[in-house]
Q: 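Below are the structure tokens for one structure; questions will follow.
It should be emphasised that the depicted structure is a prediction, and the values quoted were computed from it without experimental measurement. Any value given below was found using the heavy atoms of this structure, including those in side chains, with hydrogens, waters and symmetry copies removed.
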Amino acid sequence: MSYLLPSEFATKMVDAGESKLYMATRDALLRSFMAGAILALAAVFAVTITVQTGSAILGAALFPVGFCMLYLMGFDLLTGVFVLTPLAWLDKRPGVTINRILKHWGVVFTGNLLGALTVAFLMAIVFTYGFSTPPDEVGVAISEVGKDRTLGYKEFGAAGMLTVFIRGVLCNWMVSLGVVGAMISTTVGGKVIAMWMPIMLFFYMGFEHSIVNMFLFPSALMLGGDFSIMDYMIWNEIPVVVGNLVGGISLTGLTLYATHVRTAPLRDI
């Protein structure tokens, strides 16, 4: 299992952020669509395992298979580009501007959303035999998650908003470590192990991931979840996206960049 030193993979993070910003819009959209779709399928997989076995830890332990698949294929999640692209600007890479970063974020957000919505619609057909029956037990579980993680926060007002935001921060702290984990090894096995650990942690802890939620909540609405689109946007997706942004940049991107790319001078003894 070939391992890269932190100074090496931190530089790869900056390089990756720069390359993503110069990617053609078509490629960015396609790669983000596939990432959103695969992560949505992984969420279905994890919920199905949890419902059928009654073991939440088993569902969480197997959820990272989707994350590993999409990153090994070179697809992109918004939560990952939140971390990598600002580092290219911070490092003063040629042609990297705030406007270019924001445009790329918009393209990736759109692609992730379309991919997640596509799988949500396809799985709603599966759960209901083409909308001819009530949803099966997995569909019911997904609709309940949607209700609990929108109206459940709304019930507590400002405290609920703070909670969903912090869960978003903590989520992308872990998810972005998974993104970086794909860079710390040159072997497939090494990459998978490094990605697996933080992704399993975030899922089991119930942290909020904006792309997973792009599947869970629209899917719940299709399956008869007792909440509205505005409930979803205000009490989940918007604060989660902001939390993911803050957590990824501050707790992973800037810390690794500050200490492994812009390393401080050695102290005198």
Side-chain angles (χ1 to χ4, degrees), residues 1-23 28 31-32 35 39 64 67-68 70-72 74-98 100-102 104-105 108-109 112 165-203 205 207-211 240-267:
M1 186 189 304
S2 300
Y3 170 72
L4 299 182
L5 295 173
S7 58
E8 296 174 310
F9 69 70
T11 300
K12 286 185 66 175
M13 291 169 61
V14 183
D15 294 340
E18 181 182 19
S19 67
K20 291 181 189 304
L21 292 172
Y22 282 97
M23 189 186 305
R31 294 180 192 188
S32 56
L39 199 68
F67 185 88
C68 294
L70 71 90
Y71 268 101
L72 290 174
F75 300 145
D76 282 326
L77 294 172
L78 180 66
T79 44
V81 300
F82 273 165
V83 178
L84 301 176
T85 51
L87 299 183
W89 177 79
L90 195 63
D91 205 54
K92 295 181 172 60
R93 295 295 176 93
V96 176
T97 65
I98 296 296
R100 182 183 287 268
I101 291 171
L102 293 176
H104 186 69
W105 287 358
V108 175
F109 179 93
N112 285 168
F165 169 75
I166 295 299
R167 284 185 172 179
V169 170
L170 294 173
C171 173
N172 209 28
W173 183 12
M174 292 297 101
V175 172
S176 57
L177 288 178
V179 173
V180 175
M183 302 179 184
I184 73 173
S185 174
T186 57
T187 68
V188 172
K191 290 176 181 289
V192 167
I193 292 171
M195 288 188 282
W196 205 281
M197 296 181 289
I199 303 306
M200 179 175 64
L201 190 157
F202 112 71
F203 198 84
M205 294 296 290
F207 297 153
E208 298 281 0
H209 189 271
S210 55
I211 315 306
V240 169
V241 167
V242 176
N244 288 170
L245 172 62
V246 172
I249 290 179
S250 63
L251 297 174
T252 298
L254 291 180
T255 53
L256 288 171
Y257 181 83
T259 191
H260 292 309
V261 178
R262 298 297 181 187
T263 309
L266 297 176
R267 293 180 298 171

Q: Locate the shortest heavy-atom distance separating M200 from P64; write the atom from each residue and the value.
A: N-CG, 3.6 Å

Q: Looking at side-chain heavy atoms only, is the closest gap between L201 and M197 below 4.5 Å?
A: no

Q: Is it the case that R100 places NZ or CZ above or below the six-membered ring of Y22, under 6.0 angstrom from the centre and within 45 degrees of the axis?
A: yes

Q: Would you say the side-chain atoms of E18 pair up with the backbone N or O of D15, donor to acceptor, closer than 3.5 Å?
A: no

Q: Would you say the side chains of D76 and S32 form a donor-acceptor pair under 3.5 Å?
A: no

Q: What is the distance from atom CG of L72 to atom NZ of K191, rounded to the nearest 0.5 Å?
A: 7.5 Å

Q: Within a strict 4.5 Å, meaning less than it, do heavy atoms of the M13 and V180 side chains meet?
A: yes

Q: Give me the atom names and distance for the closest heavy-atom approach of G181 to M195.
A: C-CG, 4.3 Å

Q: Do W89 and I98 have side-chain heavy atoms sitting under 4.5 Å apart?
A: yes

Q: Got a donor-acceptor contact below 3.5 angstrom from the S185 side chain to the S2 backbone?
A: yes

Q: What are the two closest heavy atoms between L21 and A88, and how far apart are they?
A: CD1-CB, 4.4 Å

Q: Could you tell me which non-hydrogen atom of S176 sits nearest to which non-hydrogen atom of T252, and how far apart they are?
A: OG-OG1, 2.7 Å

Q: Can you tell me how far apart CZ (R167) and CG (N244) are? Round to the nearest 0.5 Å.
A: 13.5 Å

Q: If we only count heavy atoms from C-beta on, is the R31 to V108 side-chain gap below 4.5 Å?
A: no

Q: Run the side-chain donor-acceptor check on residues 80-87: report pairs under 3.5 Å with partners two or more places apart or on a different chain.
A:
unit_1	atom_1	unit_2	atom_2	d
T85	OG1	V81	O	2.5
T85	OG1	W105	NE1	3.0

Q: Counting distance only, does the side-chain N/O of T259 pair as donor-acceptor with the main-chain N or O of L256 below 3.5 Å?
A: no

Q: Is any side-chain heavy atom of D91 less than 4.5 Å from a side-chain heavy atom of R262?
A: yes

Q: Looking only at the aromatic ring of each residue, does the gap between the centers of Y71 and F75 stay below 6.0 angstrom?
A: no

Q: To check you understand the geometry: which heavy-atom pair defines the closest contact between F207 and C171, and what is its length?
A: CB-CB, 3.5 Å

Q: How far does CD1 of I101 sit from NZ of K20, to the nearest 0.5 angstrom?
A: 13.5 Å

Q: What I'd like to find out is whether the side chain of L77 reaches to under 4.5 Å of the side chain of F67, using heavy atoms alone.
A: yes

Q: For the CG atom of L4 and the OG1 atom of T186, what is their distance to the nearest 0.5 Å?
A: 6.0 Å

Q: Does the T187 side chain pair with the main chain of G190, one donor and one acceptor, at a distance under 3.5 Å?
A: yes

Q: As an exercise, state the distance from NZ of K12 to CD1 of I184, rounded to the nearest 0.5 Å.
A: 10.0 Å

Q: A10 and V261: which non-hydrogen atoms are nearest, and at how many Å?
A: CB-CG2, 3.7 Å

Q: Look up atom CZ in F109 and atom CG in L102, then write down how far apart they are to the nearest 0.5 Å.
A: 13.5 Å

Q: State whether the side chain of N172 and the backbone N or O of T79 hold a donor-acceptor pair below 3.5 Å, judged by distance alone.
A: yes

